[in-house]
4 protein chains.
Amino acid sequence: MLAKRLPAPERRRQIAAAALEILATDGVRGLTARAIAERVGVKDGSLFRHFASKEAIVDAAIDAFEELMGETFPDPAGDPLRALSELFQRRVALARARPELLRLALSDRLTEVAGAEGAARVKAVVERSVTFVREQLTLARRQGRVRDDVPVEILVWTVTGVLRGAAGASHAPSLRKRAARFDPAAAWRALELLLTTRTDGSNDKTH
Amino acid sequence: MLAKRLPAPERRRQIAAAALEILATDGVRGLTARAIAERVGVKDGSLFRHFASKEAIVDAAIDAFEELMGETFPDPAGDPLRALSELFQRRVALARARPELLRLALSDRLTEVAGAEGAARVKAVVERSVTFVREQLTLARRQGRVRDDVPVEILVWTVTGVLRGAAGASHAPSLRKRAARFDPAAAWRALELLLTTRTDGSNDKTH
Amino acid sequence: MLAKRLPAPERRRQIAAAALEILATDGVRGLTARAIAERVGVKDGSLFRHFASKEAIVDAAIDAFEELMGETFPDPAGDPLRALSELFQRRVALARARPELLRLALSDRLTEVAGAEGAARVKAVVERSVTFVREQLTLARRQGRVRDDVPVEILVWTVTGVLRGAAGASHAPSLRKRAARFDPAAAWRALELLLTTRTDGSNDKTH
Amino acid sequence: MLAKRLPAPERRRQIAAAALEILATDGVRGLTARAIAERVGVKDGSLFRHFASKEAIVDAAIDAFEELMGETFPDPAGDPLRALSELFQRRVALARARPELLRLALSDRLTEVAGAEGAARVKAVVERSVTFVREQLTLARRQGRVRDDVPVEILVWTVTGVLRGAAGASHAPSLRKRAARFDPAAAWRALELLLTTRTDGSNDKTH
DNA sequence: AATGAATGAGGATTCATTCAT
DNA sequence: GATGAATGAATCCTCATTCAT
């Protein structure tokens with residue numbers, strides 16, 4: 001029962017993609033050579049004709065991950081709020097299209113299965129997002145378009161928090177009910193309000 | 001070289017705690033019977049005198065996790081913003097005191113190693129936090145103390161996002177530099193500014 | 001079907017001994033964890049409760065080899081020809097008692113399966129024999145009891161050659177016919193004749 | 001990146017030679033289809049266009065080995081001591097020219113990787129040498145040119161021992177120091193002295 | 001004649017778990 | 001209550017070999 005022969009580069013891509021998906025759905029311990037091979041339709045030993053080791057497979061998976069995440073970064077030149085908005089929309093769209101990626105980005109599964117070098121790369125991808133957000137926020141603030149009564153870092157956490165929530169809401173079946181009519185554009189508008197509107201905080205704390 | 005004999009309930013607690021720590025520091029694949037036993041100072045076979053299976057150990061670990069997280073919930077009666085503030089402070093304090101717990105709460109390692117029932121309990125713990133936040137926010141909004149120009153869910157994500165950031169900043173060595181003078185109280189004040197009702201729309205977006 | 005439980009040190013010895021024998025009889029590729037385990041009467045995985053790796057098993061086997069070979073070295077003090085004679089007798093006796101050891105000493109199987117450190121130890125054992133022979137011969141020569149018309153090294157090779165032959169003859173079934181009445185004592189006497197000082201040159205070459 | 005197409009017989013020779021060298025340098029476990037193919041500059045699958053199996057490759061390697069060793073046998077007619085001398089010189093020369101062959105002849109690697117039939121052939125090659133030596137010695141003894149106070153077999157072992165030593169010394173880098181001015185001709189002269197000079201053994205043992 | 005993708009049968013090793021002592 | 005020796009199933013990986021292209 002031979003598997004269909006496939007050109008090596010394509011097989012490699014398949015294998016890396018399969019690893020990514022399995023990791024997202026079945027977790028660290030589910031990511032076995034056997035499982036990957038099965039999903040691809042070959043025998044486990046055959047994987048090692050294409051990759052030197054499981055770690056190498058994970059590295060390739062991280063390549064794919066890096067690329068997909070990288071594509072969601074908008075042009076950093078231009079209007080910073082627009083840049084943030086675009087990042088937001090694209091990330092939500094990505095979460096909808098490839099929910100596994102989201103899980104991977106939010107969990108540390110990739111870091112767990114990767115070797116030191118791969119783990120560093122995953123971390124870099126995540127940090128790049130945070131840095132991007134921080135930079136755009138700082139820029140926007142200099143333009144007076146983002147509130148300055150709150151430290152940037154807090155705003156960064158706000159953005160990443162809402163992004164995380166929106167991405168989760170956009171695909172998580174269990175959350176679908178609550179966020180049934182979840183609309184990413186509306187979410188962004190709300191987030192923008194948070195970032196830009198200056199509140200006076202006058203009527204809050206009682207203490 | 002026999003390990004000190006310990007009353008069973010105490011050993012159980014030890015084992016569960018050890019599992020929790022190992023899971024946090026070494027990850028899913030680091031959580032082996034051997035590793036747990038070693039940390040407790042016992043031989044691996046002995047674990048199974050106290051627990052029927054590794055899954056049972058994880059279940060007990062989840063008990064501990066549940067309890068520790070549960071303790072951070074403030075009295076839900078009373079001032080909702082105060083309740084949120086307290087949850088915030090306590091969580092940050094917990095993150096500082098027991099950084100592993102934070103990692104566990106933010107990663108899905110526990111869910112990964114738990115059986116179905118355990119996973120559900122972990123999920124419940126996390127959801128309970130979100131629900132708590134949502135409820136307090138809703139209450140506060142009814143009191144007119146939280147802005148209503150933004151859907152509650154967005155505010156929920158804001159709170160959880162900032163909480164996550166603050167908790168991370170409060171312990172992560174790598175982040176310590178940036179958040180060197182990180183002050184949870186200040187973080188909460190900033191968060192509160194974000195949440196509370198604005199009085200005018202003067203500081204509006206430009207486009 | 002559980003194997004008989006044995007105290008660990010004894011099992012270790014068994015395993016090392018089994019490895020030595022398998023290597024001698026079945027060769028490098030025959031030395032599998034499975035083969036060792038089978039011979040000892042346990043399952044292969046169990047080997048690794050006693051040794052960290054196959055290499056560690058081989059190391060222990062080399063320990064045994066070293067010890068057995070070491071025991072054949074006579075007291076180097078005293079009459080050098082007597083020392084050589086004793087080494088000779090003991091080696092032949094060892095070859096008869098434990099033919100596998102001989103094979104191992106003469107082949108390089110042990111070196112092949114050992115790690116770098118183990119290989120060095122095996123080499124040292126072999127070299128120690130040669131050195132011992134050389135030293136005793138040199139001593140004897142100084143006493144005028146060994147011929148000096150021939151370089152010592154040639155005499156060393158003579159001794160090792162005859163030893164090798166005698167040891168082989170003493171056990172190899174195929175050679176038994178020829179050396180049917182093979183007598184180690186007689187072999188040594190003959191060897192001694194070869195080594196000792198000639199008195200005259202009467203029986204010289206003809207050409 | 002196709003390898004140069006070569007006529008089949010030439011490729012076969014290449015492959016057999018490569019196998020021989022790898023076996024000598026890397027040992028039994030180093031002799032993999034991949035290693036052979038690599039050395040030849042071909043992909044591993046291609047080996048099996050030329051040989052039915054790895055065993056067949058080894059058989060061909062043994063052919064080559066047989067031939068090379070066979071070439072060192074001098075004309076058995078004529079002066080027996082001269083014949084021995086020539087064998088000696090040629091073997092030492094071969095050891096110098098092709099050290100791998102020596103290793104193979106002295107180790108039993110070839111026997112290990114060969115099938116039953118091949119192993120028998122290797123054994124025959126070795127035995128042929130011994131037989132040759134024995135025959136020439138017997139002849140020479142009948143002519144009164146070799147000492148008769150020592151059994152022939154002992155002399156055979158002497159010759160093979162010195163040959164082995166000389167061959168080893170002639171190439172082994174580590175031994176080069178000791179045998180720095182190692183001179184095969186001198187070695188043979190010394191050996192001849194051993195074989196021909198009659199000692200009386202009068203002044204040896206003290207016991 | 002050679003490649004390139006695949007396999008199946010192992011090989012070493014890990015690990016949760018059992019149970020006699 | 002704890003140990004210490006064992007297992008069986010699974011894991012990653014290697015290797016000789018096959019065969020369509």
Side-chain angles (χ1 to χ4, degrees), chain A residues 1-8 10-11 29 31-37 41-55 57, chain B residues 1-8 10-11 29 31-37 40-57, chain C residues 1-8 10-11 29 31-37 41-55 57, chain D residues 1-8 10-11 29 31-37 40-57:
Chain A
M1 192 191 303
L2 268 100
K4 200 158 130 227
R5 282 170 65 100
L6 238 51
E10 187 159 349
R11 217 22 131 207
R29 283 179 316 181
L31 188 72
T32 68
R34 177 110 125 206
I36 300 171
V42 298
K43 290 297 189 294
D44 54 357
S46 302
L47 295 183
F48 299 93
R49 282 246 148 205
H50 298 284
F51 292 95
S53 64
K54 200 177 123 180
E55 192 178 319
I57 295 180
Chain B
M1 191 186 306
L2 269 89
K4 210 183 160 191
R5 275 172 78 105
L6 239 52
E10 173 129 8
R11 260 285 125 84
R29 283 179 314 183
L31 187 72
T32 67
R34 176 109 132 207
I36 300 172
V40 168
V42 145
K43 289 296 188 304
D44 52 358
S46 305
L47 295 182
F48 298 91
R49 293 242 129 216
H50 298 282
F51 292 95
S53 66
K54 201 175 119 179
E55 195 179 316
I57 296 179
Chain C
M1 193 191 302
L2 267 100
K4 196 155 135 235
R5 283 171 64 101
L6 239 51
E10 187 159 348
R11 221 13 135 211
R29 284 178 314 180
L31 188 72
T32 67
R34 178 111 123 204
I36 300 171
V42 299
K43 290 297 190 294
D44 54 358
S46 303
L47 296 183
F48 299 93
R49 282 246 147 203
H50 297 283
F51 291 95
S53 65
K54 199 176 121 181
E55 193 178 318
I57 296 179
Chain D
M1 194 187 305
L2 270 90
K4 205 168 144 213
R5 274 172 80 105
L6 239 51
E10 173 128 8
R11 260 286 125 84
R29 283 178 315 183
L31 187 71
T32 68
R34 177 111 131 204
I36 300 171
V40 169
V42 145
K43 290 295 188 307
D44 52 359
S46 304
L47 296 182
F48 298 91
R49 294 242 128 216
H50 297 284
F51 292 95
S53 66
K54 200 175 121 180
E55 194 179 316
I57 296 179

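For clarity, every value in this text was computed on a predicted model and none was experimentally measured. Chain letters run A, B, ... following the sequence lines, proteins first and then strands; every chain starts at 1.
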May I ask you to say what C:Leu47 touches in the nucleic acid, namely base, sugar-phosphate or nothing, with a heavy-atom cut-off under 4.0 Å? nothing

Rounded to the Å, how far apart are C:Arg5 CZ and F:dT7 C1'? 12 Å

Residue met sooner reading DNA chain F from 5', once C:Gly45 and B:Gly45 are mapped to nucleotides: B:Gly45

Would you classify B:Ser46 as touching base, sugar-phosphate or nothing, given that sugar-phosphate means primed atoms plus P, OP1 and OP2, and contacts are heavy atoms under 4.0 Å? base

Looking only at side-chain N and O atoms, does A:Arg29 come under 4.0 Å of OP1 or OP2 in E:dC15? no

Measuring from D:Ile36:CD1 to D:Leu47:CG, what's the distance to the nearest 0.5 Å? 6.0 Å

Please determine whether a side-chain nitrogen or oxygen atom of A:His50 lies at a distance below 4.0 Å from atom OP1 or OP2 of E:dG4. no

When rounded to whole Å, the NZ to P distance for the pair B:Lys43 and F:dA6 reads 16 Å

Round to a whole Å and report the spacing from CZ of C:Phe48 to C1' of F:dG4. 19 Å

If you compare all heavy atoms of A:His50 against all heavy atoms of A:Arg11, which two are closest, and at what distance to 0.1 Å? NE2-CG, 3.5 Å

Under 3.5 Å, is there a donor-acceptor pair between the side chain of C:Lys54 and the main chain of C:Leu31? yes

The answer to which of D:Gly41 and C:Thr32 contacts DNA chain E further toward the 5' end, by nearest nucleotide, is D:Gly41

Contact summary for D:Ser46 and D:Val42, nearest pair of heavy atoms: CB-CG1, 3.3 Å

Measure from the side-chain heavy atoms of A:Ser53 and tell me the nearest of F:dC13, E:dT13, E:dA6. F:dC13

Could you please name the partner base of E:dA1, counting Watson-Crick and G-U wobble pairs only when both distances are under 3.5 Å? none

Gap between atoms CD1 and C1', on C:Ile57 and E:dA12 respectively (whole Å): 10 Å

Provide, to the nearest angstrom, the distance between the CD atom belonging to D:Glu55 and the C1' atom belonging to F:dT17. 14 Å

How would you label the contact of D:Leu31 with the nucleic acid (heavy atoms, under 4.0 Å): base, sugar-phosphate, or nothing? sugar-phosphate

For F:dT3, give its Watson-Crick or G-U wobble partner with both distances under 3.5 Å, or none. E:dA20

For A:Arg49 and C:Asp44, find the nucleotide of DNA chain E closest to each by heavy atoms; which residue's nucleotide sits nearer the 5' end? A:Arg49

Between B:Glu10 (CD) and F:dG1 (C1'), how many Å, whole number? 13 Å

Round to a whole Å and report the spacing from CG of C:Leu6 to P of F:dT3. 21 Å

Sugar-phosphate only, base, or nothing, as touched by C:Ile36 at under 4.0 Å among non-hydrogen atoms: nothing

Between C1' of F:dG1 and NZ of B:Lys4, the distance in whole Å: 14 Å

By nearest-heavy-atom nucleotide on DNA chain F, the more 5' of C:Val42 and D:Lys54 is C:Val42

